[in-house]
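Take a look at the structure below.
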Amino acid sequence: MKAENNSELPLDLPHGLTLRQADQGDAESLLALNGELLGEDSRIEVKFLVEGGIPGARLEDFLVVVAPSGRVVSSLCLIEQELRVGRTHLRLGNPEFVSTLPEYRGAGLIRQQFAVLEKWQKERGLAISVIMGIPYFYRLFGYEYALEDFRAGYLYPASHLEKLAAIPDLEVRKTVESDAPALAKMYAGTAARADIALTLPGEGWAWAARNRELQANKLEDWIALDSGQPVAYARLHLRDNILTAYRFTGELAGQQAIIKKALAWPGLEKLGIGTVRDNPLSRWVAAIEPGRRPSYGNYVRIVDPPLAFRQLGPEFERRLAESNLAGLSREVELGFYRFGVGLTFEDGKLLKVEAKPANQDPRIGIPPDLLPKILMGFRSVEELARLYPDFEVPKDEDWELLQVLFPPLINMMNFFI
Ligand SMILES: CC(C)(COP(=O)(O)OP(=O)(O)OC[C@H]1O[C@@H](n2cnc3c(N)ncnc32)[C@H](O)[C@@H]1OP(=O)(O)O)[C@@H](O)C(=O)NCCC(=O)NCCS
């Protein structure tokens with residue numbers, strides 16, 4: 001029997017299960033669930049969070065479904081993070097560590113917990129929600145791929161080690177705690193060049209240096225040094241005999257030295273490179289390996305559309321000010337068919353954002369599943385209009401405005417610790 005769609009806690013579910021906020025008594029069972037289903041890397045991450053390791057997530061931000069025995073059989077959590085879009089900073093919600101024991105699956109336990117998270121996010125004014133997660137699943141809860149997780153390609157020891165022979169051998173090693181300030185500085189420098197970036201909590205760098213280890217928990221942070229000075233960083237992920245290096249920061253020469261060392265990993269089949277689109281590293285990888293780019297994506301849900309437009313207001317004003325439409329005064333209604341959002345601009349300022357009713361025949365028609373994609377600049381509006389025939393904007397002046405308000409954006413999104 002499926003659980004009802006209710007978000008008041010605690011909530012009694014069929015078969016004696018209870019859905020509620022986690023408390024101290026759940027910690028051990030919660031860690032066991034994460035270790036068993038999501039892996040040792042997740043178990044240590046959850047341990048760090050529930051012990052208060054970073055701001056934005058505590059034990060009480062975990063939802064648990066508990067069996068009569070006290071065992072946690074399903075869980076997820078809500079982390080608050082900061083996102084920068086252009087020059088605007090906003091808080092977003094990030095559901096994470098989603099898992100259900102195999103014998104309890106298919107009973108709607110995760111769907112039920114997402115209903116609670118939706119309410120929490122609205123109450124906290126978290127208008128935008130982001131998930132880095134398994135393919136397709138989160139679309140069932142209104143999430144859409146809207147932030148590209150760009151992969152520059154694969155490199156292979158047999159064909160690429162030789163091509164890298166001329167690259168200087170800088171010192172490359174696992175990070176240590178005392179690298180933390182340099183790592184944070186390099187990250188901030190690289191993230192500042194992307195249009196959208198997640199702010200990483202400073203506490204994560206030293207924790208990762210202490211705890212992450214490729215053989216023990218799949219992930220490890222590496223740093224490149226030139227004459228003792230930090231010049232580049234990447235995180236390594238090992239699965240079977242495939243390594244992925246991603247989260248690159250710093251300078252190209254140091255990044256290449258990290259890649260050279262990773263390619264020499266004993267028994268390596270191939271090395272995936274994850275980086276920001278259109279940066280020196282991705283262009284260099286494309287030049288030496290013209291093969292496929294196995295990019296993925298992060299999911300986004302706009303939990304509260306008018307609030308999201310309000311929170312992004314300064315960014316819209318900045319885009320207008322830098323365009324042919326500087327000083328714009330007009331009212332615009334974006335019709336998402338099932339709901340609308342009215343925007344009032346005066347002298348280039350966004351004076352008012354208001355919710356509008358559903359309208360089957362709007363002047364500007366945008367299918368609601370496109371809303372996360374246009375807000376996060378997933379693709380240009382031209383590309384999206386080719387894919388979505390119900391993205392209908394007959395008037396040229398409206399189209400010109402959408403091009404200004406919703407440009408394609410390059411992001412730097414990474415797991416937050
Ligand atoms: C994915 C997982 C969390 C689903 O848990 P669950 O409790 O079975 O989920 P629910 O019963 O609430 O499922 C909700 C809906 O998703 C569907 N669904 C469940 N797993 C799915 C999957 N892997 N892919 C697509 N749909 C899925 C269900 O059929 C259900 O659809 P419906 O509501 O339209 O009937 C669980 O299978 C799991 O723990 N997997 C291993 C860990 C993992 O991969 N976690 C995600 C990390 S990002």
Side-chain angles (χ1 to χ4, degrees), residues 1-7 9-22 26 29-50 57 61-68 71-79 81 92-121 129-149 151 198 217-219 235 237 239-240 244 246 274 295-301 369 372 413-417:
M1 194 176 125
K2 294 217 167 185
E4 282 174 41
N5 194 8
N6 187 333
S7 56
L9 299 184
L11 183 64
D12 290 333
L13 302 179
H15 309 296
L17 300 176
T18 306
L19 165 53
R20 56 169 172 74
Q21 266 180 298
D26 300 316
S29 186
L30 182 65
L31 291 180
L33 178 81
N34 274 274
E36 188 180 331
L37 299 181
L38 299 174
E40 179 59 13
D41 49 332
S42 290
R43 194 191 67 79
I44 60 170
E45 288 156 3
V46 172
K47 186 165 186 292
F48 184 44
L49 295 196
V50 302
D61 296 317
F62 281 79
L63 286 171
V64 286
V65 177
V66 185
R71 186 180 187 194
V72 176
V73 302
S74 180
S75 178
L76 47 70
C77 81
L78 178 64
I79 303 165
Q81 304 207 47
L92 54 78
N94 173 206
E96 258 299 342
F97 304 111
V98 179
S99 51
T100 301
L101 285 175
E103 56 272 37
Y104 291 90
R105 288 182 190 163
L109 297 184
I110 295 300
R111 186 178 279 287
Q112 186 73 45
Q113 292 172 85
F114 262 92
V116 179
L117 283 203
E118 180 91 354
K119 185 166 170 258
W120 282 5
Q121 291 179 96
S129 184
V130 173
I131 299 186
M132 299 147 187
I134 55 172
Y136 172 73
F137 181 55
Y138 297 100
R139 291 196 205 207
L140 294 168
F141 312 120
Y143 287 78
E144 288 292 332
Y145 289 106
L147 287 161
E148 183 176 45
D149 181 14
R151 302 282 144 166
L198 201 63
N217 51 47
K218 295 194 285 202
L219 295 163
R235 175 160 288 174
H237 173 266
R239 183 150 109 190
D240 303 324
T244 304
Y246 59 108
S295 298
Y296 188 54
N298 292 304
Y299 296 90
V300 176
R301 171 168 169 72
D369 42 327
M413 298 292 289
N414 286 293
F415 192 73
F416 66 106
I417 43 174

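Note that ligands are numbered from 1 as they come in the structure, with each ligand's atoms numbered from 1 the same way. Hydrogens, waters and symmetry mates are skipped; everything else that's a heavy atom, side chains included, is used. Here the structure is a predicted model, which is why all the values come from computation and not from measurement.
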Heavy-atom distances under 4.0 Å are what count here, so tell me which part of Leu38 touches ligand 1: side chain, backbone, both or neither. side chain

Centroid-centroid under 6.0 Å between Tyr296 and Tyr145 rings: yes

Atom CZ of Phe48 and atom CD1 of Ile417: how far apart are they, to the nearest 0.5 Å? 6.0 Å

If you compare Pro135, Gly133, Ser75, Gly108 by their heavy atoms, the one closest to atom 11 (O) of ligand 1 turns out to be Gly108

Atom of Met132, atom of Asn414 and distance for their closest heavy-atom approach: CE-O, 3.6 Å

Distance from Leu33 atom CG to Ser42 atom OG, nearest 0.5 Å? 10.5 Å

Contact region, Thr100 to ligand 1, non-hydrogen atoms below 4.0 Å, reads both

Mark the output for Ser74 as yes if a heavy-atom distance to ligand 1 is under 4.0 Å, and as no if none is. no

Glu144 to Asp369 - nearest heavy-atom pair and separation: CG-O, 3.4 Å

Is Tyr138 close enough to touch ligand 1? Criterion: a residue heavy atom under 4.0 Å from a ligand atom. yes

Write down the atom of Leu37, the atom of Thr100, and the distance for their closest heavy-atom approach. CD1-O, 3.2 Å

Should the proximity of Ala107 to ligand 1, defined as any heavy atom under 4.0 Å, be assigned to the side chain, the backbone, both, or neither? backbone

Would you tell me which option among Tyr104, Phe114, Tyr299, Tyr136 has the nearest heavy-atom contact to atom 25 (C) of ligand 1? Tyr136

Checking heavy-atom distances from atom 46 (C) of ligand 1 to each of Leu109, Val98, Leu101, the winner is Val98

